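What follows is one structure encoded as structure tokens, with my remarks underneath.
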Amino acid sequence: MSAHRDRIELRGLRVRGNHGVFDFEKREGQDFVIDVTLHTSVSRAAATDDIADTVHYGELAEDVAHIVEDNTFDLIETLASRIAEHCLDLAEHVEVVVHKPGAPIQRFFNDVSVTVVRSRDSTVIAETEAYLNLGANLGDAADTLDQAVAALGRHPRITVLRRSSLYRTAPWGGVEQGDFLNLGLIVSTSLPAPELLSVAQGIEVACGRTRELRWGPRTLDIDLIRLGTNHAELVFDTEALTLPHPRAHERAFVLAPWVELDGGAEILTPTGPRPITAVLTELGDQEITRIQAP
């Protein structure tokens with residue numbers, strides 16, 4: 001924690017936002033209450049009596065309000081973390097509390113809140129590689145995939161390292177629909193797995209993705225397959241995300257672009273890690289055609 005004992009606090013900032021796991025929360029919105037504490041020295045400002053030497057709390061309030069208003073997250077944990085990351089530009093140590101007084105709980109309660117504490121020296125996360133598989137079969141699918149790759153590359157904590165050729169693949173899951181176009185990406189990122197997934201889902205929504213039918217037609221689908229490398233792979237299991245992807249070894253449209261990008265990769269299967277080249281060979285009955293170089 002910062003050695004500074006001075007604090008600048010903004011408490012009880014009430015902002016309307018569209019955050020929550022339920023569709024009606026995103027559609028109708030609700031009020032959120034934000035508390036921000038910045039641990040920073042105010043000695044210079046006290047000496048100069050100049051607002052330029054301190055945090056302008058009016059601007060801070062507007063910045064925090066825009067983060068709440070201009071984004072949509074499932075979790076207030078994500079919202080609180082985004083606010084804290086912004087505030088670290090203003091102070092060495094920050095505490096952010098997000099209150100959700102209208103949370104959909106079927107019991108009497110006073111408040112629901114999440115508190116995150118961040119310091120500048122704790123925000124550095126080692127870069128690691130991730131493999132993403134992108135697919136689309138509605139509209140101009142090739143153009144949509146290009147836009148998605150560009151959007152991922154614009155994120156300040158994602159760098160696109162390698163992009164595969166474009167593949168035409170038969171649809172998966174037994175739903176009658178047109179063929180997909182698929183490609184693979186290897187990226188370098190310092191984002192934790194849930195945040196990388198959130199970025200991908202945000203790009204899906206921006207491209208018109210809806211989720212009415214499992215394995216149905218898609219304007220855009222971005223799957224996070226693996227975070228890490230051989231023998232240094234993240235194992236992660238929540239309701240929203242499982243890593244490594246539990247069905248990747250069954251899908252040629254995932255493996256063929258991956259083999260092109262990293263033929264030495266291994267993939268987890270029910271019998272243990274195996275070379276993806278061998279696993280892909282065993283899926284030879286699945287229709288997949290390389291149609292365009294990267």
Side-chain angles (χ1 to χ4, degrees), residues 126-137 141-142 145-146 148-149 152-153 158-175 177-189 191-194 196-197 200-201 204 214-218 220-294:
E127 293 272 340
T128 189
E129 288 189 2
Y131 175 64
L132 304 170
N133 187 266
L134 288 67
N137 72 340
L145 294 174
D146 284 342
V149 173
L152 286 164
I158 300 173
T159 301
V160 176
L161 300 177
R162 298 192 292 282
R163 170 181 175 163
S164 79
S165 302
L166 198 61
Y167 291 80
R168 185 179 303 280
T169 67
W172 176 272
V175 177
Q177 58 186 305
D179 287 349
F180 274 78
L181 296 184
N182 287 90
L183 62 82
L185 291 179
I186 291 180
V187 305
S188 175
T189 182
L191 291 173
L196 181 57
L197 178 65
Q201 291 177 339
E204 289 178 343
R214 189 183 188 192
W215 293 327
R218 295 285 190 267
L220 177 65
D221 195 22
I222 304 177
D223 286 330
L224 175 54
I225 307 300
R226 178 169 81 166
L227 189 65
T229 56
N230 291 349
H231 313 299
E233 185 171 9
L234 176 68
V235 177
F236 190 87
D237 191 9
T238 67
E239 185 175 346
L241 176 64
T242 300
L243 289 176
H245 193 292
R247 293 177 297 280
H249 66 282
E250 302 172 352
R251 301 175 176 182
F253 68 84
V254 171
L255 299 189
W258 195 354
V259 167
E260 179 185 336
L261 297 174
D262 184 6
E266 295 181 348
I267 186 170
L268 187 64
T269 72
T271 59
R274 297 183 59 202
I276 58 171
T277 50
V279 178
L280 178 60
T281 299
E282 296 169 1
L283 301 177
D285 58 337
Q286 294 186 19
E287 299 177 29
I288 180 166
T289 305
R290 179 179 174 180
I291 62 172
Q292 182 181 316

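This one's a predicted model, so the numbers in the text were calculated from it and none came from an experiment. For this chain, numbers begin at 1 and follow the sequence in order.
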Shortest non-hydrogen contact from [X] to [Y]?
{"X": "A256", "Y": "L280", "value": "CA-CD2, 3.8 Å"}
{"X": "I222", "Y": "A148", "value": "CD1-CB, 4.4 Å"}
{"X": "G263", "Y": "T277", "value": "O-CG2, 3.6 Å"}
{"X": "L234", "Y": "A193", "value": "CD2-CB, 3.8 Å"}
{"X": "A252", "Y": "L283", "value": "N-CD1, 3.7 Å"}
{"X": "A141", "Y": "A136", "value": "CB-O, 3.6 Å"}

Got more than 12 heavy atoms from elsewhere within 6.0 Å of CD, E282?
yes

How many angstroms lie between atom [atom1] of [X] and atom [atom2] of [Y], to the nearest 0.5 angstrom?
{"X": "D221", "Y": "N137", "atom1": "CG", "atom2": "CG", "result": "9.5 Å"}
{"X": "L183", "Y": "S165", "atom1": "CG", "atom2": "OG", "result": "9.5 Å"}
{"X": "L196", "Y": "L243", "atom1": "CG", "atom2": "CG", "result": "9.0 Å"}
{"X": "W258", "Y": "L132", "atom1": "CH2", "atom2": "CG", "result": "10.5 Å"}
{"X": "N182", "Y": "T169", "atom1": "CG", "atom2": "OG1", "result": "4.0 Å"}
{"X": "T128", "Y": "L191", "atom1": "OG1", "atom2": "CG", "result": "11.5 Å"}

Check whether any side-chain heavy atom of [X] sits under 4.5 Å from a side-chain heavy atom of [Y], and report yes or no.
{"X": "I186", "Y": "D262", "answer": "yes"}
{"X": "Y131", "Y": "V187", "answer": "no"}
{"X": "L241", "Y": "L224", "answer": "yes"}
{"X": "T189", "Y": "T159", "answer": "no"}
{"X": "I288", "Y": "R168", "answer": "no"}

Look at R163 together with D146 and state whether they make a salt bridge at an N to O cut-off of under 4.0 Å.
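So R163 pairs with D146 through a salt bridge.
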
For the side chain of [X] and the backbone of [Y], is there at least one donor-acceptor N/O pair under 3.5 Å apart?
{"X": "T238", "Y": "A240", "answer": "yes"}
{"X": "E266", "Y": "P273", "answer": "no"}
{"X": "T242", "Y": "H245", "answer": "no"}
{"X": "E233", "Y": "P244", "answer": "no"}
{"X": "S164", "Y": "P257", "answer": "no"}
{"X": "D223", "Y": "A248", "answer": "no"}
{"X": "R226", "Y": "A130", "answer": "no"}

Residues E129 and T229: side-chain donor-acceptor under 3.5 angstrom
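The answer is no; no qualifying pair exists.
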
Tell me which one of Q292, E260, R290 satisfies side chain to side chain donor-acceptor pair (under 3.5 Å) with Y167.
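When side chain to side chain donor-acceptor pair (under 3.5 Å) is applied between Y167 and each of Q292, E260, R290, only E260 qualifies.
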
